[in-house]
Number of protein chains: 2
Amino acid sequence: MSNIRKVAELAGVSVATVSRTLKSPDIVSPATRDKVRRAIEASGYRPNQMAVQFRSRRSHNLAVLVPTIANTFFARVIAGVQQAAREQGYGVLLCNTLGQEEDEIQYAGMVAARQADGVIQLRAFNPFPDDAVEPGRPLPMVNACEVLDDAPCPTLRIDNRAAARTLTEHLIALGHRRIAMIQGPRRSPLTRDRVAGYRDALAAAGIAPDETLLCPGDFTPASGHAAAGSLLAVESPPTAIFCESDEMAIGAISRLRQAGLSVPADVSVAGFDDIAFASYSDPALTTIAQPAEAFGRRAVEMLIAILEGRGEVAPRVVLPHELVIRDSTAPPRDDIRDRG
Amino acid sequence: MSNIRKVAELAGVSVATVSRTLKSPDIVSPATRDKVRRAIEASGYRPNQMAVQFRSRRSHNLAVLVPTIANTFFARVIAGVQQAAREQGYGVLLCNTLGQEEDEIQYAGMVAARQADGVIQLRAFNPFPDDAVEPGRPLPMVNACEVLDDAPCPTLRIDNRAAARTLTEHLIALGHRRIAMIQGPRRSPLTRDRVAGYRDALAAAGIAPDETLLCPGDFTPASGHAAAGSLLAVESPPTAIFCESDEMAIGAISRLRQAGLSVPADVSVAGFDDIAFASYSDPALTTIAQPAEAFGRRAVEMLIAILEGRGEVAPRVVLPHELVIRDSTAPPRDDIRDRG
DNA sequence: ATGAAAGCGCTAACAC
DNA sequence: GTGTTAGCGCTTTCAT
C-alpha cells in the first residue's frame, strides 16, 4: 500500500504539495500538479481515508436511525438519504433501531466517538444526552418523518394533521359516517396529529366521534389485519377504515376479505404513504402520497448544512403531500348508509 | 472533548494503561483498572474512534452493496446484515448501487481507501480490480443472494435451480401444461438457474417448452404488470405464471385482474421470495420462501471470519428454501385443461 | 508556490 | 503489571 510520502518522493516534491494537489489543486502550479498526478497514477496511490478523517476531524459519515428498514416507506427514505449523501461525498451508516431507545442512544454516541459527523433520526425521539454538544454549537441532527414537537434540531415532515383531515373528508364526501381509524403506535406524534386531523374532519361534518372505531396498530400488515378483525366485531361496524399506513391497509383488506366482505363495495379502506404496492394491490389503494425519497434527500442536505455551518438551516420544514384516489374507497352501500 | 492523555493524568497512570484497560482489561490489575474506569467516568471520555481505527488499521465497517434497497427482499437481507454486524461490533455502510457497475467499483474502492474492511455484494458482479489484494491474502468480500459462478470469494445462496424446479413441479402437479415464466434480468445467473430448474421440471413431465411463454422482467411490480400484459397477448395464453419475484407476481396479478381474469380460477400465479406482503395479497401467494435475514446474517459472519482470519470459511454455502403453497395456484379450469 | 515540521489520538513494541 | 516511546498517514501552520 502506497502512502503520501512515497508519492512525494516519486514526484520529487514534499508531502504537503501532494496533499495540496489533492485538496486544493488550484493553489498548486500546473506543472507541479501534473508531476504529482503522474506520481499518484504510477504508484496506484489511494489516500488512506482513516488518516484523512482522523487528521481532518471529520468522518464524512452520516448515521441514519430508522425504526425499521423492512418497511417499504422507510426503505425509500433511506434510498433518498444514500443518494444525496453520496452526491455530497458522505457515507451512510445504517442503524436499524427497531424503535429501541437504548439502541438509538448508543447509535447517536457514534457522533461523540467520531464515527459519524451527524445523525438523521426518523423517529420522534432525541437520542442525544443534554450535554452532547458544547453550548453554542448546533446539535448535529435532523429529525425527519416522525418529528418531535420540541425537537432540538431542524425537522422535516408533512402536515400530518391536514393530510389526515383531507383523507377523512374524502371518505365523508363519499357518504361515510362510520369511519374507523387503524392507528400507529399510541404515543407517536404521528398518530396524535393524524387522529387530530381525522377528528377535525368529523367535527366539521357534524359527525360524533366513536371511540370504539379507533384501533391501535404498528404500521405492519399484520397489525392492520388484526385491527380489522377487531373492527369487524364492534356492535355497529364501520363502513370505511382509514389506515395510518398502506401496509396496514393491505393487511386490513386481507382480513375483510377473509370475513367475506368486499372492498370497496362493503367497506372502503384508505391507506397512507403511497408505497409501490399501493397501486398494485386489489383494489388499488386510495392513500396519501408522502415524498419518501425527498425526505431522505432533504434531510441530508439540511444535516450537511448544519455540519458544515454554511448558512441558516430552516428549523421546521414541511413537505407537500397529496391525496391519491384509487379504487379502495367508494360510497357506502345503500342499505348501510340508510342505517347510518 | 477529552482524550486518552487527560484520562491518564486524571487516573495517575500512563496512556498505555488506559488503552489496555479499554482493550484488554484482564491484563490490568484490578486496582488500576478501577482507577482508570473512574477517571473515564469522571471525564466523560469517549475514545476517538477515528484515531482507534486509524492506528489499528481497521475501520470496523462493512460495506454492503445492494442492487436496490427499495425491494423488500433486499431490505430484509440488510436488516440481517445490520443486526449481525452490530452484534460483532461492526458498522454497516450502505451502498445502494442500482446495479451500476461503475458505482459498485467505486464503493468497493472504500476498502482500498480504508473506509471499510470488506464488502458484502448482493449482486453477481465482482467490483474489485484484479490487483485489489496482495497475492496470498483473501479478497475481503462475500457474495450473497445473486452469486457469481466463479466468484473469487465465498458465496452464499439458495439452490435456485432446485427451487424453481420444485415450484414448477407444483404447477404441473396441479394440471398445468402451459406455464409461463416472468424472469429476472436476462444476464443474471439467478435467472439462468431458475429457468434451468423450470425447464428441468417441464422436461421431466414431457412438456415441450414454449419460448413465447418466457418474459423478461426486473423484479419490480411494474415489470410483472407489463410482462403479464404481453403474456395475455400470446396466441395460446398460459394457464399458470411463475414469477421470479413476489413483487412481479403482485404486479402480474394486478394486470390479469385488469383483463377481467381471476387468480387462481382463470390463471395461477406463483412468486418467489416470500416477502411480507405475499401472505396478505389477494390471493395469498404461493411462493418459494428464501431466508432473507439469514442471508444477511451469515454473510456478515463469513466476511468477518475472512477479515479476522479465523479458521476456514466455507467457500460455497447453500441455504435452504421452502415451497409455500397458498391460494394463488390451483388446477386450471376444465375447459382450458381440455384444450391444453 | 513550495517545503519543513509539528502534531491529531491512539496502539503496540519494548523496557523495566 | 505498567511506563516510555515511536510512529500510523495525513493536514496544516509557518517559513521561505
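Residue numbering restarts at 1 for every chain, and letters A, B, ... go by the order of the sequence lines.
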Would you say B/Asp130 has more than 12 foreign heavy atoms packed within less than 6.0 Å of its CG?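 Counting neighbours around CG of B/Asp130, 12 or fewer heavy atoms of other residues, nucleotides or ligands fall under 6.0 Å, so no.
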Rounded to whole Å, please give me the gap between [atom1] in [X] and [atom2] in [N].
X	N	atom1	atom2	value
B/Ile27	D/dT2	CD1	C1'	10 Å
B/Glu9	C/dG9	CD	C1'	14 Å
B/Arg33	D/dG1	CZ	P	10 Å
B/Lys35	D/dG1	NZ	P	14 Å
B/Asn48	C/dC8	CG	C1'	8 Å
A/Lys23	D/dT13	NZ	C1'	17 Å
B/Arg5	D/dT5	CZ	C1'	14 Å
B/Gln53	C/dC8	CD	P	19 Å

Please tell me which of the listed nucleotides, [options], lies nearest to the side chain of [X]?
X	options	value
B/Ile4	C/dC10, D/dC10, C/dA1	C/dC10
B/Arg20	C/dA13, C/dC8, C/dC10	C/dA13
B/Asn3	C/dG9, D/dC8, D/dC10	C/dG9
B/Ala16	D/dG9, C/dA12, C/dG3	C/dA12

Does the side chain of [X] get closer than 4.0 angstrom to OP1 or OP2 of [N] through an N or O atom?
X	N	result
A/Ser56	D/dT11	no
B/Thr17	D/dG1	no
A/Ser19	D/dT11	yes

With nearest nucleotide decided by heavy atoms, which residue, B/Ala31 or A/Leu22, maps closer to the 5′ end of DNA chain D?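 Comparing both residues, the 5'-ward one is B/Ala31.
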Go nucleotide by nucleotide along DNA chain D from the 5' end; which of B/Ser14 and B/Arg57 gets its closest nucleotide reached first?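 Its nearest nucleotide being more 5', the pick is B/Ser14.
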A/Val18 near the nucleic acid: base, sugar-phosphate alone, or nothing, with a heavy-atom cut-off under 4.0 Å?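 No contact.
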Taking atom types as they are modelled, is there a donor-acceptor pair under 3.5 Å from the base of D/dG7 to the side chain of B/Arg55?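 Yes, the side chain and the base share a sub-3.5 Å donor-acceptor pair.
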Say you draw a straight line from OG1 of B/Thr68 to CG of B/Leu122; how long is it, rounded to the nearest 0.5 Å?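 Separation between the atoms: 11.5 Å.
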Could you measure the distance from the CZ atom of A/Arg137 to the CD1 atom of A/Ile306? Nearest 0.5 Å is fine.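 Output value for this atom pair is 11.0 Å.
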Could you check whether B/Phe54 and the base of D/dC8 form a stacked pair, meaning centres closer than 5.5 Å and planes differing by less than 30°?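 Per 5.5 Å and 30° rule: yes, stacked.
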Would you please classify the geometry between the A/Tyr90 ring and the A/His60 ring as parallel, tilted or perpendicular, with 30° and 60° separating the classes?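 A/His60 vs A/Tyr90 ring planes: tilted.
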Restricting to side-chain hydrogen bond (donor to acceptor under 3.5 Å, both in side chains), what partner residues turn up for B/Asp103, sequence neighbours left out?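 side-chain hydrogen bond (donor to acceptor under 3.5 Å, both in side chains) list for B/Asp103, sorted by chain: A/Arg86.
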